[in-house]
Amino acid sequence: MKRRHPAGIAIAISLLGASLAGCAGQQAASNELRSFSSMDEAYAAVDEILGCDSEAIGNPVVPMGDGGRLASAQRVCSENVQIDLYPNQGALDESYQTWADSSQGKIPLVRGANWMVVDLSRIAGGQSSTTDLQGLADKLKGEYAVVGT
C-alpha cells in the first residue's frame with residue numbers, strides 16, 4: 001500500500017483553491033449587468049443583435065409608478081418589442097415589478113443595469129414571439145426572465 005504525504009495533499013488543495021478563486025473572480029466580473037448612457041446607444045446595441053425595424057409602427061407601453069412615468073426614454077424596436085431606459089435603479093426595479101405583477105399574460109424581457117427590452121407579442125397578439133431575448137441577454141450581459149401571469 002502506497003502512503004500519501006499530507007504536505008503534498010495540502011499543497012494540492014491550496015493550489016486548487018487558488019485556481020478556483022481566480023475563476024470565481026472572473027465569473028463575477030462577467031456577470032455584471034451592462035448599462036447604456038443614452039437611448040441611441042441602447043437602441044444601436046439591441047438593433048445590432050435583433051435587427052430592429054427602423055419603421056416600426058406603434059407606441060411603447062409606458063411603465064407608470066407612484067411618481068409618474070418610470071422610464072426616462074423609450075423606443076420601439078419592432079411592432080411588439082420595446083426598449084426602455086431608466087434614470088435610476090429604483091425606477092428600473094419598480095418597472096420590473098410592475099411587469100412581474102401583470103396578470104395580462106407571460107411577458108419575456110431582458111433587464112440590464114439601467115435598461116429593459118420587453119416583448120409584448122403574447123399580450124398584443126396572443127402568440128409567442130420569435131424574438132430571441134435569451135440570446136440578447138447573453139450578448140448584452142443582461143438578465144432574461146419571463147414574468148407576469
Between [X] and [Y], which heavy-atom pair has the shortest distance, and what is it?
{"X": "Tyr43", "Y": "Ile83", "result": "CD1-CD1, 3.7 Å"}
{"X": "Leu92", "Y": "Gly112", "result": "CD2-O, 3.3 Å"}
{"X": "Ala73", "Y": "Met39", "result": "O-CE, 3.3 Å"}
{"X": "Lys139", "Y": "Ile49", "result": "CB-CD1, 3.6 Å"}
{"X": "Pro63", "Y": "Asp84", "result": "CG-OD2, 4.1 Å"}

Stepwise side-chain hydrogen bond (donor to acceptor under 3.5 Å, both in side chains) check, Ser121 with Asp119: CA-CA 6 Å; Ser121 297; Asp119 186 341; 2.6 Å; yes
Have Asp101 and Gln97 got a donor and an acceptor in their side chains that come within less than 3.5 Å?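 A pair is found: one side chain offers a donor N or O, the other an acceptor, under 3.5 Å apart.
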Does a side chain donor of either Ser95 or Tyr86 reach within less than 3.5 Å of an acceptor in the other side chain?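 Ser95 vs Tyr86: donor-acceptor pair found between side chains.
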Check: [Y] and [X] side chains under 4.5 Å, non-hydrogen atoms:
{"X": "Cys77", "Y": "Val117", "answer": "no"}
{"X": "Ile107", "Y": "Ile123", "answer": "yes"}
{"X": "Leu109", "Y": "Tyr144", "answer": "no"}

Spacing of OH belonging to Tyr96 relative to CZ belonging to Arg111, to within rounding of 0.5 Å: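 These two atoms lie 6.0 Å from each other.
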Please identify each residue that fulfils side chain to side chain contact (heavy atoms under 4.5 Å, CB included) with Pro60, with sequence neighbours left out.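 With neighbours one apart ignored, the set is Gln74, Val76, Gln82.
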Passes side chain to side chain contact (heavy atoms under 4.5 Å, CB included), Asp40 versus Arg75? Steps please. CA-CA 9 Å; Asp40 288 339; Arg75 189 164 175 189; 4.1 Å; yes
